[in-house]
Amino acid sequence: MAKLEIILHEKGGDVTYKQNHVSGQKYLDFWELQEKIEAGNLTTVEIITSRLEFIAGLFSDDKLTPEQVLKGLDPWELDETINRLNNIVLGVDQDAEKKNQ
């Protein structure tokens, strides 16, 4: 089973991208991005663009670009998908969170 998975809506139909290995570097990259966001110097557009670049960078498939992620997700799927993938990188167990609610 893949560690990361993203389903994008493309012209020929939905395409699933999977990533089995995510390096520890991505954990550090997440926190570096988070610090830039929290510094408050980025616009909303820059934050979204940076997050999309991070998400696309999690996958080794060169065909998956930030633009493709943006075009392949419905607007209401963006935040949920970004948060889901970030939580996987951070090692957050979503099932445990749901049980505690």
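Nothing fancy with the numbering, it's 1 onward along the sequence.
Remark: of the listed residues D14, L70, L64, L64 is the sole one forming a side chain to side chain contact (heavy atoms under 4.5 Å, CB included) with L8.
Separation of atoms CG (L85) and CZ (F54) is listed at 9.0 Å; rounding is to 0.5 Å. Distance check: E35 CD to W31 CH2 gives 9.0 Å after rounding to the nearest 0.5 Å. Between K11 atom NZ and K71 atom NZ the span is 8.5 Å, to the nearest 0.5 Å. With values rounded to the nearest 0.5 angstrom, I55 atom CD1 is found 8.0 Å from L4 atom CG.
The environment of CD in E80 is sparse: at most 12 heavy-atom neighbours from other residues, nucleotides or ligands sit within 6.0 Å. In this structure, D62 places its CG atom where only 12 or fewer heavy-atom neighbours from other residues, nucleotides or ligands lie under 6.0 Å away.
Using modelled atom types and a 3.5 Å distance limit, the side chains of Y17 and Q68 yield a donor-acceptor pair. Side-chain contact, E5 with T16: no donor N or O sits under 3.5 Å from an acceptor N or O.
Under the 4.5 Å side-chain criterion, counting only non-hydrogen atoms from C-beta, I6 is not in contact with K18. For the pair K36/S50, no side-chain contact is recorded, criterion being any heavy-atom separation below 4.5 Å from C-beta on.
In this structure, the side chain of K26 engages the main chain of G57 through a donor-acceptor pair within 3.5 Å.
Shown here are the side chain to side chain contact (heavy atoms under 4.5 Å, CB included) partners of E77, two or more places apart in sequence or in another chain: H9, L73, D74, T81.
Hydrophobic clustering keeps L78 apart from I7 (ILVMFWY residues linked when any side-chain heavy atoms are closer than 4.5 Å, directly or through intermediates).
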Output a table of donor-acceptor pairs, distance under 3.5 Å, between side-chain atoms of residues 41-49 and any protein atom two or more places apart or on a different chain; print 'none' if there are none.
from	atom 1	to	atom 2	distance (Å)
T43	OG1	E46	N	3.1
T43	OG1	E46	OE1	3.4
E46	OE1	T43	N	2.8
T49	OG1	V45	O	2.8

